[in-house]
Amino acid sequence: LKKDGTQVFIILLLTTVKKRRGLDAEACDDIMDSMLATASSTGDFTLSALVNSMKLEVLVFCQEWRQALELVQKAGNMRLFLSSLFGSVRYTFLEALTYLK
């Protein structure tokens, strides 16, 4: 399951729009869970961290704070596996926002 950066962000935007408009309440789960399954079967911690970060972003955007908090606690310290400074700073901001809410 190779995805370049553009495709990953398109998936993120489409799932957020679907969820916000009420078109597909579980839009985030299907696509991202299949990506997580692939990441865990191949042992790709970077992809797993990226997908968890994307899921967190969707949950925070939709203001689903309990699910976001569960995801943060379950995922652990993902900053170790995020490949860019931008991704790690973005995750830190989303994590802090989740704990504040």
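Of all non-hydrogen atoms in Leu71 and Lys55, the two that sit nearest each other are CD2-CB, 3.7 Å.
Taking Thr92 as the reference, Arg79 meet the side chain to side chain donor-acceptor pair (under 3.5 Å) condition, with sequence neighbours excluded. With sequence neighbours left out, Glu70 forms a side chain to side chain contact (heavy atoms under 4.5 Å, CB included) with no residue at all. For Phe45, the ring pair (Phe, Tyr, Trp, His ring centres under 6.0 Å) partners at least two apart in sequence or on another chain are Phe81.
Between Leu56 atom CG and Gln67 atom CD the span is 11.5 Å, to the nearest 0.5 Å. Annotation: the span from Lys101 atom NZ to Leu69 atom CG amounts to 13.5 Å, rounded to 0.5 Å. Annotation: the span from Trp65 atom CH2 to Leu59 atom CG amounts to 9.5 Å, rounded to 0.5 Å.
Proximity of Val72 to Tyr91: side-chain heavy atoms (C-beta onward) are separated by under 4.5 Å at one or more points.
Around the CZ atom of Phe93, the shell of radius 6.0 Å holds no more than 12 heavy atoms that belong to other residues, nucleotides or ligands.
Hydrophobic clustering of Ile, Leu, Val, Met, Phe, Trp and Tyr side chains at less than 4.5 Å, counting indirect connections, keeps Phe61 apart from Leu97.
Side chain of Ser53 to backbone of Ala49: no donor-acceptor contact under 3.5 angstrom is found.
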